[in-house]
Every structure is written in structure tokens, then in C-alpha cells.
Amino acid sequence: MLDIQKIRADFPILSQKVNGKPLIYFDNGATSQKPQVVIDAISKYYQKINANIHRGVHTLSQLATDAYEISRGKIQNHINAKHSHEVLFTSGTTFGINLVANGFAAILKPGDEVLVSALEHHSNIVPWQMLCEKTGAVLKVIPMNEKGELIMAEFDKLLSKKTKIVTTNHISNALGTINPIKYMIDQAHAVGAAILIDGAQAVPHLKPDVQDLDCDFYVFSGHKMCGPTGVGILYGKEDWLNKLPPYQGGGEMIKEVTFEKTTYAELPHKFEAGTPNIAGGIVLGTAIDYMNGVGFENIQKQELELLKYGTKRLLEIEGLKIFGTSQEKTSVISFNIKGIHPYDIGTIIDKLGIAVRTGHHCAQPIMNYFEIPGTIRASFSFYNTKEEIDVMVEAVKRATLMLS
Ligand code: 7TS
């Protein structure tokens, strides 16, 4: 088992007080906290090797370029991509999805179909709607059931030769459902469709193997997995990345520019216009090293314990309902208390030092399905403890009494 106290000591923010109380950070779905090694790596970059990459002959530029490309290699290994040029640095999940959706504008014809799951974050809905508006393609939704599971029989029925791309998250941010993506990837491919997996909520909990999954695209953000904000990854199969047009034009993404014609650089540079988040890209590698040091098996064990314990303890509260009761679930508990607005509970427990997210979690269609304005979401990380859950349960009880 993990020595949680030792791990907690790696995260300086966790020993802070907020509103005069020890911080209990249960908003890991929104962003994770950062260990000292990550914080140090950011300042070390600016103290020692800050320079622009891929352009200078001078030593610092080469050091920065090497560090950036070493990090790309680490990420390639981590997700088991076949080639490092299939690993593109982006600013985050949202950017990666927009890049792919924008590229499909060159491929889709009116009447083609895009399948989106009912469990998506807005960033995996809106870019596809924009794509459909632009191309005349039709957006279809893979429905879910009361437990917050996608209905595979309905998915199978929706798939046809018209389906050109399927998009789903690996894990739902609002409910914690782990989707059967391997099955979905195989089914999409059986009709000749591409498939994008939004791994934003998966990479903090597991290590995806993109070759084993055989997905066409896998996107995620660094900041939910102990890394900095403003950096993320788009993995794409080489063939697809060669087929898609560039997303942004600018420096570094070209082979040759004249006023008559521009030719584009090879992968990955074709999709990396402009000066990137260099420190972010390098330090994402540090964050991944840190998580691998903790070990994803250990992470999963600890988080499953927290999920089971938190579920049991919260259900002791009268009138409390949990949304998202899938068999396959990660350490996210979305709940409401009968007759009380989630925002009111969130505000009161914040005064007690407890950070949860309240609201629709950028997943309004899920809230509409359950006919609720939002939920209170406690999302646990491996550095959280059962004792913290006990404090939250007592705080929610207290808030409930005050508001009833
Ligand atoms: N996809 C999923 C499944 C997400 O959970 C999020 C962010 C995104 C995409 C967008 O990621 P970004 O890094 O590009 O912003 N989810 C959340 C959340 O649940 N609470 O705050 C942000």
C-alpha cells in the first residue's frame, strides 16, 4: 500500500489552511494539485535553459529543444505510441479536440454522420456541432441509461457506413463512468469510422495503451495529471495526422513559404505552429515520471478504496442521491440532497476548507437527462484520505441541517 502521508508531503498546497481550516481538496476532476518536483522543474527550466526551441544554433536553444523532445519521447512511451511524431503537444484537451474536428471539415460531406456520446464534456460536443454546421454532416448521440452507462446496443444500431467519426470520453468527468472504449473502437472500425477518445479524466487514473486500444486519436490535458496548465497531448495515428490539414498556420509548421505557395513541415511540426508552452511540455514529462514513480496500480488501489468508502459514508446521509452508479467507475462521486441546491452545500462546505465542484460540470446534457440543475462533485485523487472523507461527510450533514 502507498504511504499516503509521505505522498501528501510531496504536495505543498495540501498542508495549507483555507478559510482557517486544513484544506481538503476534492476537486481533482477540475485540476490536480502539483508535487514539489513539478513546481521545481518549472523554475529550473526558467533558471537554467530558457530559450526558444527548434530554431537556435546556440547552446541554450539546443538544451531546451532536447528537453522538450525528451519529454515527447517520455509521453510516447507512457501511452505506448508507435512513433514520437504521433504525439503532438497542444494547450490541452479542448485544443486537441478542436484540431481534429477542424481537420474533419476537409473530409466530411453533407449527410455523413458524427456519433457523440451522451456523457460528454462540452468540449467534446461543441467542436463537433460546429463541424456539422460547417459541413452538413449530422450529429447523432449515443444514449445512456439511469446508471450513467452508455447503451452499447443503441451504439451498435447507430453505427453505419454513414458514420465517419465516433467520439467519446474514456471516463466521464461528471459521473465517473469508465466507458467500454475498446469495444467502441472495434465497432467504429468495423464500419470504417475513425474514433477519438477524450482521455482527460482517464490519464490521472490509468495508463492508456494507444496501440493496444487501436484508437485513431487520444487527447488529454497535463494539468489533471499533476502537470502544469496550458499543455496537453493529442495522440493521432500517423496516417490520420498525415491526412488531416494543419489547424493553425505560422512559424515552425512550414517546410517552405513563398507568397505563391507554402508547403508544410513533417509531423509533428505540421500541427505545432508558433512558440509552444516549452516549460509546460518539458514539465509534463516530469509529472508523468512522478506518477509512474507512485505507480498506477497503487493509484488505482487507493482511489478505489476512497470511492467505496466515500460512497458508503455519503449514503448514510438522508435524502442523498448519487448520480453515476456504473459498474465500472472511477473515484468521482456526484450527488445531491433532496430539496437543496448543490451550490448552497458547496458554499457552506467551502467555509470549512473543503473544495468540491458544484454545478453542471460542463456536461449540461447529463444534467438535463437527470432533470437536475447540477450536482455536488467530490473527485478523489491518490493523495486523498478516508479521514478527509469523514470530515466532508460531517460537513455535508451540517450544511444539510442548516439548509433544511
Ligand atoms: N474533457 C473532459 C472529459 C474533461 O473532464 C475536461 C475538463 C475537458 C475535456 C476539458 O479539458 P481542458 O483541460 O481542455 O479544459 N473537465 C473539467 C471538470 O470536470 N471540471 O473542470 C474541468
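Both counts, for ligands and for their atoms, begin at 1 and track the order of listing.
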Using the side-chain contact (heavy atoms from CB on, under 4.5 Å) criterion, which residues pair with [X]? Sequence neighbours excluded.
X	result
Lys147	Asn145, Glu149, Thr325
Pro127	Ile97, Asn98, Ala101
Thr263	Lys255, Glu256, Lys261

Discussion item. Looking at Gly281, is its backbone amide N or carbonyl O close enough to the side chain of Ser71 to form a donor-acceptor pair, meaning the two atoms are under 3.5 Å apart?
Written reply: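 Looks like yes, one N/O pair under 3.5 Å.
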
Worksheet entry | Side-chain donor or acceptor of Glu120 paired with backbone N/O of Asn169 under 3.5 Å | yes

Practice prompt. Could you tell me whether Asp27 and Arg377 make a salt bridge, using a distance below 4.0 angstrom between a side-chain N and a carboxylate O?
Written response: yes

Worksheet, complete the sentence: Using heavy atoms and a strict 4.0 Å limit, residues surrounding ligand 1 turn out to be Gly29, Ala30, Thr93, Thr94, His121, Ser123, Asn173, Asp198, Ala200, Gln201, Ser221, His223, Lys224, Arg357, Arg377

